[in-house]
Peer 1: 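Can you read through this structure? Questions will come right after.
A, B, ... follow the sequence lines: proteins, then strands. Residue 1 opens every chain.
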2 protein chains.
Amino acid sequence: MTRKGTLTTPRKTILEIVSLSSDHPSAADVIDRLKARGCCFAYATVYNSLRFLTQEGLLREVKLEGAASRYDARVEEHQHIICTSCGKVGEVFVGPPIEWLNRIAAETGYRIDKQEFLFKGVCPACRTAQIVEE
Amino acid sequence: MTRKGTLTTPRKTILEIVSLSSDHPSAADVIDRLKARGCCFAYATVYNSLRFLTQEGLLREVKLEGAASRYDARVEEHQHIICTSCGKVGEVFVGPPIEWLNRIAAETGYRIDKQEFLFKGVCPACRTAQIVEE
DNA sequence: TTTCTTGCAAAACATTTGCAAATCG
DNA sequence: CGATTTGCAAATGTTTTGCAAGAAA
């Protein structure tokens, strides 16, 4: 079942970098942080490693704003909320009500297997800032 | 308020193409369909037009699977569900319960302004096909 | 004529691929 | 050894940019 590949040095290092980051780094961010540590792997290796780690369930790929995929070491089911003012990404652990999902399934005829939700709004810090500005 | 630009020929044609499509075409799809009609504008013009039409509220940009942005002439609030088997994209008009949104706002501290939901599952046709296969 | 649009080609990104060399098992 | 993984550079796909020429107000 767990047809594991090897947790090689690049893979282990990249997993560690993402795990220590709370900001959902992109591949480019990972490369920057590798450089900051004084080590560096080929682009292809970084992308391959991120794909490998995602397939193994050790990371989750998330698509937020912007073109680049970002990676999250929190693999538990959760969603994201992004601040339209400062870009800060929050985690959302409150799952959707089952009745709502059932209604969608009934109306569309699709069987629902997975959901990816992205909320947009204003984070607490920016809300405070907005009030001060007025 | 409605600081409108001009609805030029390229813009009008591209809006028409997206409006007549029910499959949320990407910029590349639009270019293909333009060619099929025997007319063709510069890449930049297609991208500019799509951005313009989106800003004017005549189209909506949607990010589904894949790298390319796709465009939807249904600008009313709704969400999407994609079949993981055949890729067919369905529309979801059942909005989320307000209590759930309130709970998320309370737990994250964010003010929620907008949501982008992508459901994944199996469409009716593919579900039938799956049953037949067994 | 002043401003907005278009066309074109090049640039900018994000990501993948092909292949030889290195490493793992 | 045979299979997997890496590095590198080039290719791919998507979107943007710079700028001159053209169309609109």
Side-chain angles (χ1 to χ4, degrees), chain A residues 2-18 21 23-35 37-56 58-72 82 87 89 118, chain B residues 1-18 21 23-35 37-56 58-72 87 89 118:
Chain A
T2 37
R3 171 174 290 287
K4 279 215 173 295
T6 314
L7 208 56
T8 57
T9 306
R11 290 172 177 178
K12 207 179 302 184
T13 312
I14 288 166
L15 175 58
E16 191 181 303
I17 284 177
V18 179
S21 306
D23 62 345
H24 314 83
S26 65
D29 294 330
V30 169
I31 291 168
D32 287 345
R33 287 166 208 192
L34 280 166
K35 280 184 188 151
R37 290 185 171 210
C39 79
C40 190
F41 310 112
Y43 277 122
T45 301
V46 175
Y47 281 98
N48 280 338
S49 298
L50 289 169
R51 179 156 13 94
F52 169 84
L53 293 166
T54 302
Q55 282 167 354
E56 293 297 323
L58 300 172
L59 289 183
R60 231 185 77 177
E61 183 182 3
V62 293
K63 307 250 188 170
L64 306 176
E65 293 292 277
S69 280
R70 297 170 63 170
Y71 295 86
D72 195 341
I82 186 164
V89 177
L118 180 59
Chain B
M1 172 108 204
T2 37
R3 173 174 288 287
K4 279 217 174 292
T6 315
L7 208 55
T8 57
T9 306
R11 291 172 177 177
K12 207 179 301 184
T13 312
I14 288 167
L15 175 59
E16 190 182 304
I17 284 178
V18 178
S21 305
D23 62 344
H24 313 83
S26 65
D29 294 329
V30 170
I31 290 167
D32 287 345
R33 289 167 208 191
L34 280 166
K35 280 185 190 153
R37 290 187 171 209
C39 79
C40 190
F41 310 112
Y43 277 125
T45 301
V46 175
Y47 282 97
N48 280 338
S49 299
L50 289 169
R51 179 157 13 93
F52 169 84
L53 293 165
T54 302
Q55 282 167 354
E56 293 298 321
L58 300 172
L59 290 183
R60 232 185 75 179
E61 183 182 3
V62 293
K63 307 249 189 174
L64 306 175
E65 294 291 277
S69 280
R70 297 169 64 170
Y71 294 86
D72 196 340
V89 177
L118 180 59

Peer 1: Measure CD/A/Glu65 against C1'/C/dA14 and give the value in whole Å, please.
Peer 2: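 To the nearest whole Å, that distance equals 16 Å.
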Peer 1: Scan the side chains in residues 25-34 of chain A for donor-acceptor partners under 3.5 Å anywhere in the protein, sequence neighbours excluded, and list what turns up.
Peer 2:
| from | atom 1 | to | atom 2 | distance (Å) |
| --- | --- | --- | --- | --- |
| A/Ser26 | OG | A/Ala28 | N | 3.4 |
| A/Ser26 | OG | A/Asp29 | N | 3.2 |
| A/Ser26 | OG | A/Asp29 | OD2 | 3.1 |
| A/Asp29 | OD2 | A/Ser26 | N | 2.9 |
| A/Arg33 | NH1 | A/Ser21 | OG | 2.9 |
| A/Arg33 | NH1 | A/Asp23 | OD1 | 3.0 |
| A/Arg33 | NH2 | A/Asp23 | OD2 | 2.7 |

Peer 1: Which value, rounded to the nearest 0.5 Å, describes the distance between A/Leu50 atom CG and A/Leu58 atom CG?
Peer 2: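 With rounding to 0.5 Å, CG (A/Leu50) is 11.5 Å from CG (A/Leu58).
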Peer 1: Which pairs, with at least one residue in residues 41-50 of chain B and sequence neighbours excluded, count as a salt bridge (charged side-chain N to carboxylate O under 4.0 Å, His left out)?
Peer 2: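 Matches after skipping sequence neighbours: none remain.
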Peer 1: Do nucleotides 14-25 of chain D as a string where each nucleotide becomes B, S or -: B if the base has a protein heavy atom under 4.0 Å, S if just the sugar-phosphate does, - if no protein is that close.
Peer 2: SBBB-------S
Peer 1: Quick one: closest heavy-atom pair of A/Tyr71 and A/Thr54, and the distance?
Peer 2: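 The answer is CE2-OG1, 3.6 Å.
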Peer 1: Kindly calculate the angle separating the two end axes of the helix from C/dT1-D/dA25 to C/dG25-D/dC1, each obtained from five base pairs, and round it to 10 degrees.
Peer 2: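 Computed from the C1' atoms at both ends, the axes differ by 30°.
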Peer 1: To the nearest angstrom, how far is B/Leu7 atom CG from C/dT6 atom P?
Peer 2: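 Value for this atom pair: 10 Å.
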Peer 1: I need the A/Leu118 CG to B/Lys63 NZ distance, nearest 0.5 Å.
Peer 2: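 Going from the CG atom of A/Leu118 to the NZ atom of B/Lys63 covers 10.5 Å.
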Peer 1: Output the rounded distance in Å from CD1 (B/Ile31) to C1' (C/dG7).
Peer 2: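 About 13 Å, once rounded to whole Å.
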Peer 1: Identify, with sequence neighbours excluded, every residue that meets salt bridge (charged side-chain N to carboxylate O under 4.0 Å, His left out) alongside B/Arg51.
Peer 2: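 Partners of B/Arg51 under the salt bridge (charged side-chain N to carboxylate O under 4.0 Å, His left out) test: none.
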Peer 1: Using the salt bridge (charged side-chain N to carboxylate O under 4.0 Å, His left out) criterion, which residues pair with B/Glu61? Sequence neighbours excluded.
Peer 2: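 Testing B/Glu61 for salt bridge (charged side-chain N to carboxylate O under 4.0 Å, His left out), a comparison that skips the adjacent residues, returns none.
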Peer 1: Can you tell me how far C1' of C/dT5 sits from NZ of B/Lys12, to the nearest Å?
Peer 2: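 Computing the B/Lys12:NZ to C/dT5:C1' distance gives 14 Å.
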Peer 1: Is the shortest heavy-atom distance from the side chain of A/Ile17 to the side chain of A/Arg37 under 4.5 Å?
Peer 2: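 Answer yes - side chains close enough.
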